[in-house]
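Below, chains carry the letters A, B, ... as their sequence lines are ordered, and counting in each starts from 1.
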2 protein chains.
Amino acid sequence: MQDDMQSGFNARQSAAKRANAPERIRRGGPAAAKNPERLERGVLQNHLGYFVRRLQVWVFKDFIHTLASIGLRPAQYSVLVIIEANPGRSQAAIGRSLNIERARLTRLLHQLERRNWIARRPATANSRSHALFLTGEGKKMMPRIKALAAQHEARLAEFVGASRHRQLLGLLSNFG
Amino acid sequence: MQDDMQSGFNARQSAAKRANAPERIRRGGPAAAKNPERLERGVLQNHLGYFVRRLQVWVFKDFIHTLASIGLRPAQYSVLVIIEANPGRSQAAIGRSLNIERARLTRLLHQLERRNWIARRPATANSRSHALFLTGEGKKMMPRIKALAAQHEARLAEFVGASRHRQLLGLLSNFG
DNA sequence: TATTGTTATACTCTATAACTATA
DNA sequence: TATAGTTATAGAGTATAACAATA
């Protein structure tokens, strides 16, 4: 889990590579030694996780790049979206829903609170927990944030192909 | 990009949750307020990256757990597989192929070298680069490593469903 | 006792920059 | 000047543990 499956493919690099490599050897079994650019993938070819990781790395890089003007990262984005869709819920509920560690969520919420996009209020039912809300400023930001996220999604659809994008979303969203 | 899209779903948690939750409300529009366990996902529902990230986190957790007896992580695994399939290639070539940073690959290879699974030899053509090989010990380990990785892959197929696993692998492996 | 939120720590990964030695 | 490899650093993310307040 260090880099390979991690690093996956980089938007710029893979684009550049495709553009530069003028269809060299491509086919011909273990031609690795003959083609300095294309290595054999071996059994990685059979690992769904390998491809998922590569795609996920591309997605994060593009997302971060696309929302760089706002300085919002994927996890922060997902927390804002969940709070917007479920105002008043506790940190514990948000964390469970997004599979974010309590400790990590605490720090993440501090960041969003410092930017005055979310607020914690004492919960009525359980005085141990905090109810989470978007602030007025946070609500005002959401359209701009969502527009950029949609821009990223469009780029992703272009990257994988519209049909593949649709199929992947269908396969992944309707389970679990 | 911090936790949410990151954390995705956890093998143990999601399994436990599915087992524990006796089909509560499930349907009924924005039922968030009524069901303490199921929050609305909002526009995350439209983000392929959200689901890809969740699956990727599950994959890494299961992979790491499955290979814990060997103490091999995904990126290390992918490097071993690529070196085995392409013996004698340089760090630069391996790194480009797997999208691993030079600096990161250096440290990763040190770890594998310390375990005596790979060896660097001076390259013949270019004395700046190192040619990478599996050692005898490394070669002897590969069957055991691959068997565990295959075990992980089987668990992944079970997790997403055999049909979905096949479709995802087909969609993701034949592009880029 | 268990849960909620917080703080702290150690480790991994990521992204750079700087450096050397070769080309 | 560019490439191959190394070292170092700062910033995220992950996984724990420990703690206070509340249930």
Side-chain angles (χ1 to χ4, degrees), chain A residues 1-13 36 53 56-58 60-61 63-65 68 71-79 89-96 98-111 113 118 120-132, chain B residues 1-13 36-37 53 56-58 60-61 63-65 68 71-76 78-79 89-96 98-111 113 118 120-132:
Chain A
M1 162 175 313
Q2 299 184 35
D3 285 79
D4 160 29
M5 281 187 143
Q6 250 177 23
S7 298
F9 36 110
N10 171 308
R12 286 148 287 173
Q13 278 202 14
R53 175 63 179 170
Q56 184 267 309
V57 169
W58 189 95
F60 268 30
K61 280 190 176 152
F63 188 96
I64 292 167
H65 179 255
L72 196 70
R73 296 172 70 83
Q76 299 173 315
Y77 170 73
S78 66
V79 166
R89 308 306 297 266
S90 69
Q91 293 185 196
I94 301 285
R96 270 194 300 271
L98 294 174
N99 255 308
I100 304 184
E101 269 291 324
R102 287 191 335 245
R104 173 92 195 98
L105 187 55
T106 293
R107 292 193 299 274
L108 200 158
L109 290 172
H110 277 153
Q111 298 167 355
E113 214 170 15
I118 65 128
R120 308 179 208 216
R121 300 196 211 133
T124 53
N126 187 334
S127 56
R128 284 175 303 187
S129 63
H130 302 165
L132 301 175
Chain B
M1 161 175 311
Q2 300 183 37
D3 285 79
D4 157 33
M5 281 187 142
Q6 252 178 22
S7 298
F9 37 110
N10 171 311
R12 287 148 285 172
Q13 278 202 14
E37 286 309 316
R53 175 61 179 171
Q56 184 267 309
V57 169
W58 188 96
F60 268 30
K61 281 189 176 152
F63 188 95
I64 292 167
H65 179 255
L72 196 69
R73 298 171 69 82
Q76 299 174 315
S78 67
V79 166
R89 307 308 296 265
S90 68
Q91 294 185 197
I94 301 286
R96 270 193 300 269
L98 295 174
N99 255 310
I100 304 183
E101 268 292 324
R102 282 182 351 229
R104 173 93 194 98
L105 187 56
T106 293
R107 291 193 299 274
L108 200 157
L109 290 172
H110 277 153
Q111 297 166 354
E113 212 171 16
I118 65 129
R120 308 179 208 216
R121 301 197 210 133
T124 52
N126 187 334
S127 56
R128 284 174 302 187
S129 63
H130 301 164
L132 302 174

Testing the basics here: between A:Thr106 and A:Gln91, what is the closest heavy-atom pair and its distance to 0.1 Å?
OG1-NE2, 3.8 Å
From the candidates D:dT7, C:dG5, D:dA4, the one with an atom nearest any side-chain atom of A:His130 is C:dG5
For B:Glu101 and D:dT9, what is the distance between atoms CD and C1' respectively, to the nearest whole Å?
14 Å
Under a 4.5 Å cut-off applied to non-hydrogen side-chain atoms, are A:Arg120 and A:Glu113 in contact?
yes
Going by the rule salt bridge (Lys or Arg N to Asp or Glu O under 4.0 Å), which residues pair with B:Arg102 if we only count those two or more places apart in sequence or in a different chain?
none
Can you tell which of D:dA4, D:dT6, C:dT6 lies closest to the side chain of B:Ala92?
D:dA4
Choose from D:dA15, C:dA15, D:dA4 the nucleotide whose nearest atom is closest to any side-chain atom of B:Arg107.
C:dA15
Does a side-chain N or O from A:Gln91 land closer than 4.0 Å to OP1 or OP2 of C:dT6, or not?
yes
Euclidean distance, atom NZ of residue A:Lys61 to atom P of D:dA12 [Å, nearest integer]:
16 Å
To the nearest angstrom, the CD1-P distance between A:Ile118 and C:dG5 comes to 12 Å
Is there a side-chain contact between A:Arg96 and the phosphate of C:dT4, meaning an N or O under 4.0 Å from OP1 or OP2?
yes
Determine whether B:Val79 and B:Leu105 make a side-chain contact, defined as any pair of heavy atoms from C-beta on separated by less than 4.5 Å.
yes
So, is B:Arg104 close to the C:dT16 phosphate, meaning a side-chain N or O under 4.0 Å from OP1 or OP2?
no
Minimum heavy-atom distance between A:Phe63 and A:Leu72, given as atom pair plus value
CE2-O, 3.9 Å
Sub-4.5 Å side-chain heavy-atom contact between A:Gln111 and A:Arg73
no
Provide, to the nearest angstrom, the distance between the CG atom belonging to A:Leu105 and the C1' atom belonging to C:dT4.
11 Å
Please report the distance, rounded to the nearest Å, between CD in B:Gln111 and P in C:dC13.
7 Å
Under 4.0 Å between a side-chain N or O of A:Ser129 and OP1 or OP2 of C:dT4?
no
Atom OG in B:Ser90, atom CG in B:Asn126: separation rounded to 0.5 Å?
8.0 Å
Under 4.0 Å protein heavy-atom contacts per nucleotide of nucleotides 17-23 of chain C, with B for base, S for backbone only and - for none:
-B---BS
How many Å lie between CG on A:Leu108 and P on C:dT7, as a whole number?
14 Å
Provide, to the nearest angstrom, the distance between the CD1 atom belonging to B:Ile100 and the P atom belonging to D:dT6.
14 Å
Please state how far atom CD1 in A:Ile94 lies from atom C1' in C:dT4, giving the value in whole angstrom units.
14 Å
